[in-house]
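The sequence lines fix the lettering, A, B, ..., with proteins before strands; numbering per chain opens at 1.
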Amino acid sequence: MTMRLDAKIPDGPIHEKWDKARFDLKLINPANKRKFEVIVVGTGLAGGSAAAALAELGYNVKVFCIQDSPRRAHSIAAQGGINAAKNYPNDGDSVRRLFYDTIKGGDFRAREANVYRLAQVSNAIIDHCVAQGVPFARDYGGTLDNRSFGGAQVSRTFYARGQTGQQLLLGAYASLMRQVGQGRVKVFPRREMMELVIVDGAARGVVVRDLVTGKIESHAGHAVLLATGGYGNTFFLSTNANSCNVGAAWTAYKKGAAFANPCFTQIHPTCIPVSGEHQSKLTLMSESLRNDGRVWVPRKAGDKRSPDRIPEEDRDYYLERIYPSFGNLVPRDVASRAAKRMIDEGKGVGKTGLAVYLDFADSIQRQGEPVIKEKYGNLFDMYHHLTDENPYRVPMRIYPAVHYAMGGLWVDYNLMTTIPGLFCLGEANFSDHGGNRLGASALMQGLGDGYFIIPYTLGGYLGSQKLAKVDPGHPAFAPAEAGARSRVARLLSIKGKRTPASFHKELGKVMWDKCGMSRNAKGLGEALERIPQIREEFWKNVSVTGSGDLFNQTLERAHRVADYLEFAELLVRDALERKESCGGHFREESQTPDNEAKRDDANFCHVAAWEHAGEGKTPVRHVEPLKFENVHLAQRNYA
Amino acid sequence: MKVTLKVWRQKGPDQPGRFEAYDAEVPSTDMSFLELMDTVNEGLIAKGSDAIAFDHDCREGICGMCSQVIDGQPHGPDQGAATCQLHMRKFKDGDVVTVEPFRAKAFPVIKDLVVDRSALDRVVSCGGFISINTGAAVDGNAVPVPKVDAEAAMDAAACIGCGACVAACPNAAAMLFVGAKVSHLALLPQGGPERARRVLGMRQAMDAEGFGHCTNEAECEAVCPKEIKVSNIARLNREFIKALVCSKE
């Protein structure tokens with residue numbers, strides 16, 4: 001295979017790389033920027049901020065989103081906060097420390113240069129968001145407040161109650177709408193990307209389906225930016241919104257974009273447990289709760305007493321016991337696996353036994369209920385609405401759930417995929433979080449990519465190309481449109497017996513059982529056999545009612561499930577090939593005597609980037625070696 | 001437990017609609033209302049019928065995508081919660097639950113329970129922002145903001161843009177929505193320079209989109225899933241009058 005993975009990391013010391021890159025990247029004269037059309041798919045923190053920042057520079061931007069408004073992308077649900085290396089608390093933080101914590105938190109499977117740059121731009125993100133009017137929490141003196149988050153021993157997380165993602169997204173959305181008012185951005189809501197269009201080897205457009213009218217539309221541009229989020233919904237139950245999907249990234253993969261590290265999926269430790277078969281999604285409780293909540297289970301397996309009847313001496317605050325220096329604030333992957341071990345030992349709580357307690361009694365006693373309410377009020381309300389239990393009185397019950405995709409489309413230092421002119425931002429790319437994302441780093445990465453990186457790197461690309469004029473009349477669009485139409489027609493024509501959701505559920509169960517919190521070669525092999533069988537049945541027996549030329553959510557769902565049924569196989573294959581444990585990817589064959597994840601740096605200190613080899617063919621695994629020149633590779637230790 | 005859902009079915013914007021009844025088994029009162037709708041839809045699809053269209057996304061009360069008027073109340077009977085946070089424990093065995101779309105001139109029906117709320121986006125594009133280009137900001141701590149102002153701004157900024165306030169208002173006014181945004185930005189020093197321009201622009205756009213005027217019914221506050229207060233409307237009016245009288249815009 002001919003795929004080349006050139007990460008294009010600039011030379012020089014790590015702290016000078018981004019400066020050097022910005023100097024070397026070509027510039028486009030301000031008067032010429034308006035001659036370029038940029039297509040942005042997705043309006044979360046990455047897409048929304050990129051679209052706004054590019055329009056501010058003078059580019060013409062077309063933005064597509066799946067929801068009815070760009071303000072609703074799933075970034076809105078991020079709760080706890082956003083990291084930055086401001087060091088306002090004077091507690092020892094720096095760009096270098098944020099960089100180090102992020103590399104270590106990611107279990108040494110992220111690219112050093114990208115992560116360093118992320119830490120470098122982190123402070124400018126906060127400044128910009130404050131200027132947009134994001135109402136971050138403040139102290140009485142009027143300055144910004146910080147809290148701590150998992151995997152760090154400094155307080156570097158900025159927050160807006162438990163609604164940080166919402167407020168940051170509304171900031172980006174406001175900037176975007178300002179550009180809409182000025183005519184530089186056109187928003188296309190309720191559109192789903194169906195195809196990527198490539199002309200002369202470069203990404204030049206997209207084919208989308210108007211979800212209201214069913215119309216298949218072509219849109220041409222000089223570059224395409226995918227900011228389409230993660231693939232957590234492959235597991236059916238996840239903390240993702242229902243419309244989150246892998247479709248756009250998967251289309252790009254099939255057109256030649258490498259897909260990197262799909263097995264790196266984050267299982268978040270603090271979610272509200274599953275209550276029954278009917279469940280359509282899982283709800284996250286912010287990791288910030290672990291600042292004041294203490295995680296525990298009964299010391300004895302099978303102790304069914306209600307929590308208020310279990311005295312202190314019969315409780316095991318296991319995170320504090322096993323990891324005394326980080327305590328309840330260990331990284332997510334570590335906390336999730338520890339919860340699983342407790343539950344596997346029969347110490348799970350609640351009706352199902354699939355939960356551990358997150359208890360605020362001590363904090364409420366120490367700080368008073370009003371303080372806890374100010375910090376987490378909306379999270380407590382959310383929990384109360386969902387479970388009908390008052391967490392001010394009764395400890396929360398939590399259980400790990402699929403949350404975030406560290407893997408994604410492979411990108412170089414400039415955020416460009418292996419397809420020239422196709423860029424990928426935010427959760428949809430793979431570059432910054434390695435095997436495990438630290439809390440409050442997703443918002444940082446999404447906004448860093450959108451506000452402060454792509455405006456430079458896109459200019460560098462456009463300024464160094466001679467791109468022919470392409471419009472939707474170009475012959476490359478007709479076959480892409482035909483492909484989209486035939487997919488819709490095929491789904492509608494099967495008229496089988498089973499609903500799209502039933503296939504999604506079946507796939508999700510296989511994924512969770514065989515490729516969830518803990519994985520082994522046997523289970524992964526079974527999943528690799530099972531997934532194609534489900535897919536085959538899907539294409540013979542799915543029932544998609546309604547029509548293709550009207551609003552049809554059953555059709556939307558079927559289209560997305562069809563993608564999951566293909567993508568899941570790649571995820572499992574990647575998990576099988578990565579025979580080490582690292583971050584959220586836990587291979588039972590590779591663990592320390594204390595059951596912690598054991599990396600295999602000799603064989604797996606690399607990014608696995610998968611190339612599509614054609615329908616029905618085994619994809620090709622390429623490798624980008626990871627070089628650690630600024631941090632020492634070490635076994636993570638949070639004890 | 002069993003309930004009957006009386007659901008508004010309407011094929012498209014220009015088609016007539018009607019209520020249709022669906023009997024539904026509720027396996028667990030921990031089930032959410034939308035999960036019950038999912039179950040009804042699974043049954044419809046399995047029978048080869050068109051599923052009930054309804055908007056939803058995050059299912060945790062923050063994206064603002066879900067709508068629906070349930071038993072006469074936007075977002076249903078639970079206080080301070082969006083439709084997606086409504087659970088079947090709020091209902092009794094044998095209940096007949098009426099489910100309708102948000103109804104307002106500015107929110108045309110797309111299909112069944114799905115309406116077009118893009119008017120709210122257009123109102124925001126006429127001033128609901130602070131004009132700051134990326135890269136131009138001063139340090140985040142350069143301008144101190146009194147905690148009490150930051151908290152009040154946050155209260156207003158919590159709006160999820162669902163449009164329930166419009167659906168609940170007898171005049172289909174968007175005053176709470178606009179008031180929340182105007183308040184959020186007027187309460188912060190960063191919003192100062194564009195204060196007058198913002199309120200004039202948003203008010204004008206609001207009228208042009210066909211939203212009605214406020215007659216102090218306060219139905220909006222009663223149904224708001226984020227419990228945004230009508231005092232934001234008072235602030236909107238104050239800002240508006242001040243801008244009309246004093247502004248040079």
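With a 4.5 Å cut-off on non-hydrogen atoms, Phe452(A) touches chain B through its side chain but not through its backbone. Using a 4.5 Å cut-off between heavy atoms, Ser28(B) contacts chain A through its side chain alone, with no backbone atom that close. For Ala136(B), no part lies near chain A; criterion is any non-hydrogen pair under 4.5 Å. Neither the backbone nor the side chain of Thr29(B) has a heavy atom closer than 4.5 Å to any heavy atom of chain A. Heavy-atom distances place no part of Lys495(A) under 4.5 Å from chain B, backbone and side chain included. Using a 4.5 Å cut-off between heavy atoms, Val115(B) contacts chain A through its backbone alone, with no side-chain atom that close. Of the atoms belonging to Asp38(B), it is side-chain heavy atoms, and not backbone ones, that fall under 4.5 Å from chain A. Proximity to chain B (any heavy atom under 4.5 Å) is restricted, for Gln79(A), to the side chain, taken from C-beta onward. Heavy-atom distances place both the backbone and the side chain of Ser243(A) under 4.5 Å from chain B. Looking at Leu170(A), only its side chain comes within 4.5 Å of chain B, counting heavy atoms on both sides. Ala53(A) touches chain B through backbone and side chain together, each having a heavy atom under 4.5 Å away. For Thr239(A), the part sitting under 4.5 Å from any heavy atom of chain B is the backbone (N, CA, C, O) and nothing else. Looking at Ser75(A), there are no atoms closer than 4.5 Å to chain B (heavy atoms on both sides), in backbone or side chain.
Under a 4.0 Å N-O distance rule, the pair Asp57(B)/Lys281(A) does not qualify as a salt bridge.
Contact count against chain A (heavy-atom pairs under 4.5 Å) is highest for Asn133(B) among Val148(B), Asn41(B), Asn133(B). Considering only heavy-atom pairs separated by less than 4.5 Å from chain A, the leading option among Pro146(B), Ala153(B), Gly48(B) is Gly48(B). The greatest number of non-hydrogen atom pairs below 4.5 Å with chain B, out of Glu374(A), Lys497(A), Arg190(A), is found for Arg190(A). No other option in Ser118(B), Gly140(B), Ala137(B), Pro27(B) has as many heavy-atom pairs under 4.5 Å with chain A as Gly140(B). Heavy-atom pairs under 4.5 Å with chain A were tallied for Val145(B), Asp149(B), Asp50(B); the largest tally goes to Val145(B). Of the listed residues (Ser280(A), Cys244(A), Ala174(A)), the greatest number of heavy-atom pairs within a distance under 4.5 Å of chain B belongs to Ser280(A). No other option in Val544(A), Leu144(A), Thr545(A) has as many heavy-atom pairs under 4.5 Å with chain B as Thr545(A). With chain B as the partner, the residue from His385(A), Gln279(A), Met382(A), Arg498(A) showing the most heavy-atom pairs under 4.5 Å is His385(A). Annotation: maximal heavy-atom pairing with chain B below 4.5 Å, among Arg138(A), Lys86(A), Gln553(A), Gln132(A), occurs at Arg138(A). Heavy-atom pairs under 4.5 Å with chain B were tallied for Asp388(A), Val134(A), Leu550(A); the largest tally goes to Asp388(A). Of the listed residues (Ala158(B), Ala46(B), Gly61(B)), the one with the most heavy-atom contacts under 4.5 Å to chain A is Ala158(B).
The environment of OH in Tyr456(A) is sparse: at most 12 heavy-atom neighbours from other residues, nucleotides or ligands sit within 6.0 Å. Heavy-atom neighbours of Lys505(A) NZ from other residues, nucleotides or ligands within 6.0 Å: above the threshold of 12.
The two residues Lys111(B) and Phe551(A) have their closest heavy-atom pair at NZ-O, 3.0 Å. When all heavy atoms are compared, the tightest approach of Thr134(B) to Tyr451(A) is CG2-O, 3.5 Å. Contact detail for Pro135(A) and Ala157(B): the closest heavy-atom pair is CG-CB, 3.9 Å. Residues Thr554(A) and Ala51(B) come closest through the heavy atom pair OG1-CB, 3.7 Å. Summarising the geometry of Lys147(B) relative to Asp139(A), their closest heavy-atom pair is CB-O, 3.7 Å, with the distance given to 0.1 Å. A pairwise comparison of heavy atoms in His184(B) and Gly133(A) identifies NE2-O, 2.7 Å as the closest pair.
Residue Leu282(A) holds its CG atom at 10.0 Å from CD of Glu60(B), rounded to the nearest 0.5 Å. Atom CD of Gln163(A) sits about 5.0 Å away from atom CD1 of Ile62(B), to the nearest 0.5 Å. Atom SG of Cys58(B) is separated from atom CG of Asn242(A) by 9.0 Å, given to the nearest 0.5 angstrom.
Between the side chains of Glu42(B) and Thr499(A), a donor-acceptor pair is found at a separation under 3.5 Å.
None of Thr213(A), Leu211(A), Val212(A) except one satisfies the side chain to side chain contact (heavy atoms under 4.5 Å, CB included) rule with Ile110(B); the exception is Val212(A).
Near-neighbour residues of residues 177-185 of chain A relative to chain B, defined by a heavy atom under 4.5 Å from a heavy atom of that chain, comprise Met177(A), Arg178(A), Val180(A), Gly181(A). Identified by a heavy-atom distance below 4.5 Å to chain A, the contributing residues of residues 185-195 of chain B are Leu185(B), Leu188(B), Gln190(B), in residue-number order. The stretch residues 78-92 of chain B places Asp78(B), Gln79(B), Gly80(B), Ala81(B), Gln85(B), His87(B), Arg89(B) near chain A, each with some heavy atom under 4.5 Å from a heavy atom of that chain. Chain B is approached within less than 4.5 Å, heavy atom to heavy atom, by Gln67(A), Asp68(A), Ser69(A), Pro70(A), Arg71(A), Arg72(A), His74(A) from residues 67-74 of chain A, ordered by number.
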Run the side chain to side chain contact (heavy atoms under 4.5 Å, CB included) test on Asp30(B) and Lys351(A) for me, step by step, so that the C-alpha distance in whole Å, both residues' side-chain angles and the decisive distance to 0.1 Å come before the verdict. CA-CA 12 Å; Asp30(B) 285 334; Lys351(A) 253 190 276 179; 4.0 Å; yes
Can Ile160(B) and Gln166(A) be said to form a side chain to side chain contact (heavy atoms under 4.5 Å, CB included), step by step? CA-CA 8 Å; Ile160(B) 58 174; Gln166(A) 180 200 25; 3.6 Å; yes
Go through the steps for Phe129(B) and Leu176(A) under the test side chain to side chain contact (heavy atoms under 4.5 Å, CB included), then give the verdict. CA-CA 9 Å; Phe129(B) 47 75; Leu176(A) 182 67; over 6 Å; no
For a side chain to side chain contact (heavy atoms under 4.5 Å, CB included) check, start with the C-alpha distance between Glu277(A) and Glu35(B), then their side-chain angles and the critical distance, and finish with the verdict. CA-CA 10 Å; Glu277(A) 270 297 303; Glu35(B) 284 162 356; over 6 Å; no
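Not one N or O on the side chain of Arg59(B) forms a donor-acceptor pair closer than 3.5 Å with the backbone of Thr283(A).
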